[in-house]
Protein chains: 2
Amino acid sequence: MTEEIRTRRKRGSITRAEIVDAALRLMDGEGESALTFSRLGAELKSSPTAVYRHFTSRDELLEALADHLDGISLAGYVPTDDWRADLTDLAWRAWHTAEAHPAAAALTLLTVANSINELRAVEWILRAMAVAGLRGRAAVVQYQVYAQTVLGAASAYGARLASARTREVADGWIQVYAPTDPSQYPHAEAAKADLAMINYREVFAQQLEMYLSALELTVTRTG
Amino acid sequence: MTEEIRTRRKRGSITRAEIVDAALRLMDGEGESALTFSRLGAELKSSPTAVYRHFTSRDELLEALADHLDGISLAGYVPTDDWRADLTDLAWRAWHTAEAHPAAAALTLLTVANSINELRAVEWILRAMAVAGLRGRAAVVQYQVYAQTVLGAASAYGARLASARTREVADGWIQVYAPTDPSQYPHAEAAKADLAMINYREVFAQQLEMYLSALELTVTRTG
DNA sequence: ACCTGAACACCGTTCAAGT
DNA sequence: ACCTGAACACCGTTCAAGT
């Protein structure tokens, strides 16, 4: 039993950025369930309710967290004149962010944040589409297809890592399917060993390559 | 003020299927926040704790819900010898399930359920890959790419519909981006009108078509 | 894998009062 | 968009007792 000693925090000493950092640290360490006002207060060495001076609700905090993850992904990114290299770079940045912050990525990557770093991402992706030769509606549709492909895969990866971490299962590998009556599922049964050995990074690499090839085909057919 | 009258439910009169149906009805009507033991009890005309005789936790109920959604998607599906038609059919079935049950789809579609209907889906998709000419590891990787593409898009769609429903925003259209300094984001600024008019069904159709074309190319190159 | 009501530890949020 | 502690309505889960 240690005595809880806490000196009153000075007026204005808590910032939104500090709160978002604390929230991310909690989720990285112990998953989504660790993100409570009580735990945040302890992490910030303040009262749990102090967070309400900076965010009106838990949802608003999550929106800020989504923007923060976008910011992490984009940090240091510099566009080039090679659209395919740029879209590959941006995709792996999202993937690595999900890998570093799985619980937060699973929770926020699929929601539209309408925030500043999301806008920066939109700008860079649309720029790459323009370099590829796409304009107007076609460029916007491809932005959506690209974003859906990358963010869907990254957040699924985050969800798998987060649930694996809480269930103490090995990372990156799918669980084995164990049908009660294998003869009813011949293809799944035959693929059992390969299903048990899937590496998600390789699947993402394949998915990205297929999308970019299809995009290149679309572009050359149009241009 | 109406008097709450509830007769004791008979032993064995509550089934897992009935509970899952009630859970889905609650989420369809009022979103994820409506899925509480208290609301479930009211829906089942039973004690909230009766659910614990059939599921050991809320998480286990969600796993059963995930399986139920897979079952809804597959209902009436009959495979053919046209792999491209089959993969298109299965993809739109997932999409329409997300459209009919957005909150439940957003919550469960991205998690691995390891359940019977998920196994049925794996079997049908691997069968289509086999018809396309893929075997072994290559078939399993393509199963993963396909599933990630379709489920990522469907659950993102569900999440958007669910948040639009709770926020009373029009369905199927993206919110307008409103940058504070438009000149910093020239491509996003120029695409503003098109971004505001995106139809997600069309984006999904495009994404699916691009994946299937890329798959066809892979297959013909290999075979 | 029977159904119920009371109880427990917790959670997000509000608000009057302190600096 | 200041920080705190008490309070409120709720939530998932447990458990002894009823059928």
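To find a chain, count down the sequence lines: A is the first, B the second, and so on, and within it residues start at 1.
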Where each pair must be Watson-Crick or G-U wobble with both distances under 3.5 Å, what dot-bracket representation of DNA chain D is obtained, with crossing pairs in [ ] and other-strand partners as |? .|.|||||...|||||.|.
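Atom CZ of A:R8 is separated from atom P of C:dA17 by 15 Å (rounded to the nearest Å). Rounded to an integer number of Å, the gap from CZ of B:F37 to P of C:dC3 is 15 Å. The interatomic distance linking B:L40 (CG) with C:dC3 (C1') rounds to 15 Å, in whole Å. Distance CD (B:E32) to P (C:dG12): 14 Å, rounded to an integer number of Å. Straight-line distance from the CD atom of B:E30 to the C1' atom of D:dC10: 15 Å, rounded to whole Å.
A salt bridge links B:D89 with B:R93; the closest basic N to acidic carboxylate O contact falls under 4.0 Å.
A distance of 5.0 Å separates CD1 of A:I198 from CD of B:Q144, quoted to the nearest 0.5 Å. The distance from atom CH2 of B:W124 to atom CE of B:M129, rounded to the nearest 0.5 Å, is 15.0 Å. Put simply, OG on B:S73 and CG on B:L109 are 7.0 Å apart, with the number rounded to the nearest 0.5 Å.
Within 4.0 Å of B:L44, counting heavy atoms only, lies no atom of the nucleic acid at all. Contact annotation for A:L61: no contact, since no heavy-atom pair falls under 4.0 Å across all strands.
The side-chain tip of B:R120 does not point at the ring of A:Y185 from less than 6.0 angstrom away and within 45° of straight on.
The aromatic rings of A:Y200 and A:Y157 lie tilted to each other, with the angle between the two planes from 30° to 60°.
For DNA chain D, the neighbouring residues in residues 52-60 of chain A, judged by any heavy atom under 4.0 Å, are A:R53, A:H54, A:E60. Contacts between residues 11-25 of chain B and DNA chain C, defined by a heavy-atom separation below 4.0 Å, involve B:R11, B:G12, B:S13, B:I14, B:R16, listed by number.
Between the side chains of A:E63 and A:S115, not a single donor N or O lies within less than 3.5 Å of an accepting N or O. For the residue pair B:Q206/B:Y211, the side-chain donor-acceptor check at 3.5 Å is not satisfied.
Straight-line distance between the P atoms of C:dA1 and D:dG18: roughly 25 Å, to the nearest whole Å.
Within a 6.0 Å radius of CZ in A:R137, other residues, nucleotides and ligands contribute 12 heavy atoms or fewer.
In this structure, B:V122 and A:L195 have side chains that are in contact, with non-hydrogen atoms separated by less than 4.5 Å.
For D:dC3, the base has no donor-acceptor partner in the side chain of A:R9 [N/O atoms by modelled type, under 3.5 angstrom]. Within 3.5 Å, no donor on the side chain of A:S38 pairs with an acceptor on the base of C:dG12, nor the reverse.
Side-chain atoms of B:R25 never come within 3.5 Å of backbone atoms of B:E43 as a donor-acceptor pair (strictly under, hydrogens ignored).
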